[in-house]
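One-based numbering along the sequence shown.
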Amino acid sequence: MPNKTKDHENIWQDEFVLLMEKLADKDKQPPPEVGSSLKELIYSENKLQLFHYNPLDVAQKKLPILITYALVNRPYIMDLEPKRSLILRLLEKGYPVYLIDWGYPDSSDRFTDLNDYINGYLHRCVQQVKHHSKEEKIDLLGVCQGGVFSLCYTALHPTEIRKLVTLVTPIDFHTKNNPLTSWTSHLNTQALASHTGNVPAELISQLFKAIKPFQLNREKYRRLKHIINNTESLNTFLRMERWLHDGPDLNRAAADEFLINFYQQNKLHENTLTIAGHAVLLNKITSPVLNLYATQDHLVPPEATRALKQHIKPELYQEQALIGGHIGAFTSPRTQQTLIQSLEQGLA
């Protein structure tokens, strides 16, 4: 009897080879740009860069938005391409937009901890944005882990932020059906560290792929054959692939703290988190908070995000569902309409 599994594998391998040959033919063209919205560097420190985006020719709003992304991926996902750029949508509405790029850590950064990121880098970026915009307070938009940092920062420095927006941000790390918590419950970053002392980006990428192995490996490349001759769709695919494989290493100290304090011990939600000896209590936040969650998020389940409601005063709290997954919630052109409407209302 023929081996059906083996036959299926051979068919898949043949299809993949053909696709790669087609891509090789197209490879004579330069790769599509990412992060093409015009911006200027206004501050840098070690690997960190703080950018201000050039305003468009529309009526300008007064208060700036500082976007804080996660350490584990590159922030140009916020400006992937014109049709999938949350930054461009904000610029079109006249918002002054600033973005933190954490950079690529090396061995010299392995002792950089959460206090350095939150009370150091993030705090100084807030001061730089205030100075550049000539405003006493700013709005803060934190995405995923960047949302966690933004919450901690606003709880520790409540007078600095006018309004806070969290996007696909985990609060309760111990909800049911949370695959990242299951994977990391007994993880030890010492076993993962490379010769630099940091956690290699390749290992983090493999961890994310292992959560949805079929969809994020074979099925993704099988779908590629349907867009290989569509330049626009192919360029979107290539931009996403570049972003997925362009992750920075994780600083060992910060990775240890985040893994233990958040994923393993759930200290933020349990109100037992301290940073540099100071208690991080979310009920100390005095700014209005808009919490945006993705209905199909496999990395940060809606329940993990919506737990924020338990910590913020009711009169300060709003939440909004976005149809899509963890990244599609803010890159999908369809979802961006709902997202921008929510941001305009929440930041008014």
Side-chain angles (χ1 to χ4, degrees), residues 42-52 62-71 75 95-103 112-171 251 253-254 257-258 261-262 267-292 305 307-318 343 346-347:
I42 65 166
Y43 177 71
S44 63
E45 179 182 353
N46 194 11
K47 312 300 188 300
L48 177 146
Q49 294 181 303
L50 175 63
F51 292 99
H52 171 240
K62 183 180 180 183
L63 291 171
I65 299 174
L66 173 59
I67 300 176
T68 307
Y69 198 69
L71 301 178
Y95 288 100
V97 179
Y98 297 77
L99 173 75
I100 296 175
D101 183 339
W102 301 111
T112 303
D113 60 16
L114 293 184
N115 179 53
D116 294 319
Y117 276 110
I118 294 168
N119 291 316
Y121 291 141
L122 179 53
H123 181 64
R124 288 189 287 275
C125 284
V126 169
Q127 304 314 307
Q128 290 292 328
V129 173
K130 288 167 59 177
H131 176 75
H132 189 267
S133 63
K134 298 179 174 59
E135 296 294 338
E136 294 184 0
K137 287 189 176 185
I138 67 169
D139 295 334
L140 189 57
L141 168 56
V143 185
C144 189
Q145 186 188 35
V148 177
F149 284 10
S150 299
L151 283 164
C152 293
Y153 178 80
T154 308
L156 293 168
H157 305 271
T159 63
E160 300 288 340
I161 303 303
R162 185 188 75 112
K163 292 189 175 183
L164 173 63
V165 179
T166 52
L167 175 57
V168 293
T169 296
I171 309 301
N251 297 341
E257 284 185 281
F258 202 83
N261 291 338
F262 292 85
K267 287 185 176 182
L268 181 65
H269 185 52
E270 298 293 338
N271 293 318
T272 57
L273 178 67
T274 61
I275 295 178
H278 297 282
V280 180
L281 301 173
L282 298 181
N283 63 8
K284 297 295 184 182
I285 292 176
T286 57
S287 309
V289 177
L290 172 60
N291 188 24
L292 302 161
T305 296
L308 182 58
K309 185 177 182 179
Q310 302 172 34
H311 298 277
I312 306 298
K313 297 177 179 64
E315 64 271 20
L316 297 176
Y317 182 80
Q318 298 179 63
L343 288 173
L347 296 176

Taking all non-hydrogen atoms of both residues into account, name the closest pair between [X] and [Y] and its distance.
X: A155; Y: V280; answer: CB-CG1, 4.2 Å
X: W102; Y: Y69; answer: NE1-O, 2.8 Å
X: I138; Y: P64; answer: CG2-CG, 3.6 Å
X: S150; Y: G142; answer: OG-CA, 3.5 Å
X: H269; Y: A307; answer: CE1-CB, 3.9 Å
X: Y117; Y: L71; answer: CE2-CD2, 3.5 Å

Query raised in the report: Please walk me through it: do N119 and L156 pass side-chain contact (heavy atoms from CB on, under 4.5 Å)?
Result: CA-CA 8 Å; N119 291 316; L156 293 168; 3.8 Å; yes
Report summary line: The single option from K130, R124, K137 that satisfies salt bridge (Lys or Arg N to Asp or Glu O under 4.0 Å) with E160 is K130
N/O donor-acceptor pair under 3.5 Å between [X] side chain and [Y] backbone:
X: N251; Y: A253; result: no
X: D101; Y: G103; result: yes
X: E135; Y: L63; result: no
X: R162; Y: E136; result: no
X: S44; Y: Q49; result: no

Query - Side chains of Y95 and D139, donor plus acceptor under 3.5 Å - result: no
Measuring only between side-chain heavy atoms, which start at C-beta, is [X] closer than 4.5 Å to [Y]?
X: C152; Y: L273; answer: yes
X: I100; Y: P75; answer: no
X: I285; Y: I161; answer: no
X: I65; Y: V165; answer: no
X: N291; Y: T166; answer: yes

Requested in this report: From the options L141, L343, L164, select the one residue that forms a side-chain contact (heavy atoms from CB on, under 4.5 Å) with L290.
Outcome: L343
Query raised in the report: Using the benzene-type ring in the case of Trp, are the ring centres of Y43 and H132 under 6.0 Å apart?
Result: no
Query raised in the report: Quick one: salt bridge (Lys or Arg N to Asp or Glu O under 4.0 Å) pairs with a partner in residues 271-289, sequence neighbours left out?
Result: none
Report task. Could you tell me how the ring of H123 sits relative to the ring of H157: parallel (under 30°), tilted (30 to 60°) or perpendicular (over 60°)? Result -> parallel
Query raised in the report: Rounded to the nearest 0.5 Å, how far does CG of N261 lie from CD1 of I275?
Result: 8.0 Å
